[in-house]
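As structure tokens, the structure follows; a few thoughts come after it.
Residue indices begin at 1 and follow the sequence shown.
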Amino acid sequence: MPAVGNSVARKDGIGKATGSARYADDITFPGMIHGRTIRSTIPRGRIRGIRFDFDTAGFTIVDYRDIIGRNSVDLIEKDQPFLVETEIRHMAEPILLLAHEDRERLNAAHVEIEYEEETPLFDPEQSSQAFKKIDIMKGDPASALASADLVVEGTYRTGHQEHVYIEPNGVIAVPEEVNGKSGVAIFGSVQCPFYVIKALRCLFGAHPPIRVVQTETGGGFGGKEEYPSMIAGHAAMLALKSGRPVKIIYDREEDMIATTKRHPAIVRHRTGVMRDGRIVAMDIDVLMDGGAYVTLSPVVLSRGCIHAAGPYRCDNVNIRGRTVFTNTPPNGAFRGFGAPQTEFAVEVHMERIAEALGMDSVALRRLNALQSGDTTATGQTLREDTSALMVLDEAIRRTDFLRRREQLKGTNRALGLSLFYHGAGFTGSGELSLKSKARLELTPTGVRIATGSTEIGQGTRTTHAQIVSDSLGIPYEGVEVAQPDTARVADSGPTVASRTCMVVGKILEECAHEMKEKLNGSSPAEYHARHGAFSVERMYAPPDWIKWDDATYRGDAYATYGWGCDVVEIEVDPDTFEVRPLKLTAVQEFGRPIHPALAQGQIEGGTAQGLGYALLERVVMRNGAMANSQLTNYTIPTTLDMPELDVVMLENPYPGGPFGAKGLGELPMDGPAPAVVNALRSLGFDVREIPATPELIAGCMATV
């Protein structure tokens, strides 16, 4: 039986089911001590003095003066310090580090910091400091708007969202000798081990030698893409100064207050349409709140702007985007990476366009949906694996949408629909710049996958092993997956951007084909017994037809796209305005599912996260910090909040993916929120902001 296309046993399943899998806080080293971060308690100002109100004997204390390299986290920019020197730009910014072998003494240690406070900036619309600006232009939108039969305008807002991965951030830094040099190893809950390497090399300069090992990781959702560089740097500084292993594990409150979140966004649309429903012009403005430092804001804005026109055909488009500074903790990567914000706006706006035209919103979408041969806002010509109409028609058919929508009129229930898409892989020339590699090693019993791609719950180990198994023609059980350790695996690029299965899986498929040729009919065990071990390493080669201009944002933004259509039925309590989703049908096309059960799990999980984004997950900011930083007052969906889910996986293979697969991980996040809000509109509530809490809904009676 082939492995691909079947729901084989997970490579990490037994360890997680039995509890033998070891997460960062399960691991100890001889002589290990514990670390703690002392953080700012104001959002903006300067440090005037620091006083230690405890006996410092036995403590290791680190501040910015202990940094031997550069005091900045090396990511897109080098603007964020590991430790504040004098200027504070946000609440909970790290100022100094403490370590002690006794956790109780460590947590009891009180540090008094004297500040010179300054007036903070919290409103992104008042910010004059832009981290990134983007201007996408196609055709002549000004003229097209002027000649349109109707222009529909609207402003849409999305708030912060907290990742709430099961396991908070945590690392252990361990001093070690490497070729006679004092080095450090980082063991931790990370998505992107080679990002941490890059950041620590900047922090420490050429020395010491550094390696990063990913421990079992309890979820990421983007929240462990860039932030682990910060906590790893802190642990490493304490370890090198103390000469002992140092563990730093955040509790939930610290994790929620100090780490990155989804960027809040304000998206404004002006759309020109003809009376027959054809969209002839789109003028879109995207504003995102980046927080106090750049982190990944430029590329979050990039993906958000590229997706801002939605899965619709339009010859005249102008999309302007900017992400700006505020005195709040930096925002960063989150599943969907800017697209959920902008696709929420365009899908809610489509419903209002249909109302303004007196046209059915399904018919409006059908008329304007992208098809093969059409061009996107960046001028990319779409290929044969374009499936907007496929997913739309299947969702309408499967839910009996048109009849059921009429049937529910006059009740407190309604149906809502959203159509969406998501680019797979890094934007534009990003995959070419990454030069991602993967390695396949022959072992005495089979083969070993050696990549930096991380398992964070999504099934990377399993799907990669399936791809290698079938490509090499050996049993799935004969494929093992190496623990990501930067000293011994190939740098396959970050585990982000819906790329791990499609891009890294493709490299592994090619490695397996090359190894199969070399084996020349022998099994791995037979070849190893006669000739010994060998390995095959390949680098990813993006399709040669991709052309992209980073300066103008013109060209082929992504090698391929996943497509989805969500239909949700909701019920609204007429007294409390509480929304209860009753059923959600998620129709998704992502090439081909390598592991159907894991793929369904991704869709179910992304849908749950999207429903939380739509209805429940309100981050309350007070004086620049998250005020509801506990799971008692930051509400996420539980199993009791989830509706009946009907997941439909359609196939339209992408020739450049392993066995036709595209990326899937982020696609399910884009659809639930606009579908819910569009259902609310059917009930007379003109909601243009999420989360749509009962308080917000109560004040939103619809006006077109």
Has the side chain of T323 got a donor or acceptor atom that lies under 3.5 Å from a matching backbone atom of F131? no

In residues 658-674, what donor-acceptor pairs under 3.5 Å come from side-chain atoms, sequence neighbours left out?
{"from": "K662", "atom 1": "NZ", "to": "D385", "atom 2": "O", "distance (Å)": "2.9"}
{"from": "K662", "atom 1": "NZ", "to": "D385", "atom 2": "OD2", "distance (Å)": "3.4"}
{"from": "K662", "atom 1": "NZ", "to": "Y561", "atom 2": "O", "distance (Å)": "2.8"}
{"from": "K662", "atom 1": "NZ", "to": "E589", "atom 2": "OE1", "distance (Å)": "2.8"}
{"from": "K662", "atom 1": "NZ", "to": "E589", "atom 2": "OE2", "distance (Å)": "3.1"}
{"from": "E666", "atom 1": "OE1", "to": "H422", "atom 2": "NE2", "distance (Å)": "3.4"}
{"from": "E666", "atom 1": "OE1", "to": "S498", "atom 2": "N", "distance (Å)": "3.2"}
{"from": "E666", "atom 1": "OE1", "to": "S498", "atom 2": "OG", "distance (Å)": "2.8"}
{"from": "E666", "atom 1": "OE2", "to": "G336", "atom 2": "N", "distance (Å)": "3.0"}
{"from": "D670", "atom 1": "OD2", "to": "H422", "atom 2": "ND1", "distance (Å)": "2.7"}

Any donor-acceptor pair under 3.5 Å from Q161 side chain to G610 backbone: no

Tell me whether S469 contacts the main-chain N or O of I474 through its side chain, where contact means a donor paired with an acceptor under 3.5 Å. yes

Given E394 and C565, is the side-chain contact (heavy atoms from CB on, under 4.5 Å) satisfied, shown in steps? CA-CA 9 Å; E394 177 59 20; C565 185; over 6 Å; no

Measure the CG-CG distance between L440 and L472 for me, rounded to the nearest 0.5 Å. 6.5 Å

Let me confirm one number: the CZ-OG1 distance from R448 to T443, rounded to the nearest 0.5 Å. 6.0 Å

What do the steps show when you test R538 against E509 for salt bridge (Lys or Arg N to Asp or Glu O under 4.0 Å), and what is the final call? CA-CA 10 Å; R538 299 287 291 264; E509 182 183 51; over 6 Å; no

Between C314 and K138, what is the shortest heavy-atom contact and its length? O-NZ, 2.8 Å

Measure the spacing between CG of L598 and OG of S7 and express it to the nearest 0.5 Å. 7.0 Å

Do you see a donor-acceptor pair shorter than 3.5 Å between the side chains of T460 and Q458? yes

List the steps and the verdict of side-chain contact (heavy atoms from CB on, under 4.5 Å) for I134 and I319. CA-CA 8 Å; I134 290 172; I319 302 167; over 6 Å; no

Neighbour count above 12 (heavy atom, 6.0 Å) for I76 CD1: yes

For F334 and F221, take the angle between the two ring planes, folded into 0 to 90°, and tell me which bin it lands in: parallel under 30, tilted 30 to 60, perpendicular over 60. parallel

Nearest non-hydrogen partners of A308 and V286, listed with the distance: CB-CG2, 4.4 Å

Are side-chain heavy atoms of W563 and M390 found at a separation under 4.5 Å? no

If you take all heavy atoms of R554 and M137, which pair is closest and at what distance? NH1-O, 3.2 Å

With the side chain counted from C-beta on, respond yes when W548 and T378 share a heavy-atom pair under 4.5 Å apart, and no when they do not. yes

Considering only heavy atoms from C-beta outward, does the side chain of R461 approach that of S453 to under 4.5 Å? no

Any donor-acceptor pair under 3.5 Å from Q191 side chain to G222 backbone: yes

For R488, is there any backbone N or O sitting under 3.5 Å from a side-chain donor or acceptor partner on R439? yes

Looking only at side-chain N and O atoms, does D566 offer a donor or acceptor that is under 3.5 Å from a partner on T607? no

Test item: Q214 and I456 side chains (from C-beta on) under 4.5 Å apart, heavy atoms: yes

Are H464 and T500 close enough that some pair of their side-chain heavy atoms sits under 4.5 Å apart? yes

Mark yes or no for whether N652, through its side chain, and S387, through its backbone, hold a donor-acceptor pair below 3.5 Å. no

Judged by atom type as modelled, is there a donor-acceptor pair below 3.5 Å linking the side chain of Q80 to the main-chain atoms of V294? no

As a quick check of understanding, evaluate side-chain contact (heavy atoms from CB on, under 4.5 Å) for Q466 and V8, giving each step before the final call. CA-CA 8 Å; Q466 288 175 278; V8 299; 3.7 Å; yes

Test side chain to side chain contact (heavy atoms under 4.5 Å, CB included) applied to L301 and H263, M288, Q341, the passing residue: M288

NZ/NE/NH1/NH2 to OD/OE distance under 4.0 Å, K506 and E431: no

Rounded to the nearest 0.5 Å, what separates atom OG in S229 from atom CD1 in I186? 10.0 Å

Answer yes or no: is there a donor N or O on one side and an acceptor on the other, between the side chain of S471 and the main chain of H513, under 3.5 Å? no

Compute the centroid of each ring, for Y558 and then for H307, and state whether the two points are separated by less than 6.0 Å. yes

Ion pair K261/E162, N-O distance below 4.0 Å: yes

Side-chain heavy-atom pair T217, E455 within 4.5 angstrom cut-off: no

Taking the side chain as everything from C-beta on, heavy atoms only, tell me whether Y23 gets closer than 4.5 Å to I166. no

Any donor-acceptor pair under 3.5 Å linking the side chain of E347 with the backbone of L419? yes

Indicate the atoms forming the closest heavy-atom contact of I594 with C501, along with that distance. CG1-SG, 3.8 Å

Mind checking the CG-CG spacing from L296 to L75? Nearest 0.5 Å is all I need. 4.5 Å

Ion pair present between E225 and R335, side-chain N to carboxylate O less than 4.0 angstrom? no

For P193 versus G452, what's the shortest heavy-atom pair and its separation? CD-O, 3.8 Å

Do E77 and K132 sit within salt-bridge range, that is, some charged N less than 4.0 Å from a carboxylate O? no

Is there a side-chain contact (heavy atoms from CB on, under 4.5 Å) between I449 and V447 once you walk through the steps? CA-CA 7 Å; I449 294 170; V447 295; 5.8 Å; no

Value for CZ (F590) from CG (L650), rounded to nearest 0.5 Å, stands at 9.0 Å

Given side chains that start at C-beta, do those of S492 and I507 come closer than 4.5 Å, heavy atoms only? no

So, T158 versus R262: side-chain donor-acceptor pair below 3.5 Å or not? no

Show the nearest heavy-atom pair for residues P168 and K224, with the distance to one decimal. O-NZ, 4.0 Å

Using only atom types and a distance under 3.5 Å, with no angle test, would you say the side chain of N331 pairs donor to acceptor with the backbone of D289? yes

Are K11 and Y476 in a cation-pi contact, defined as NZ or CZ under 6.0 Å from the six-membered ring centre and within 45° of the axis? yes

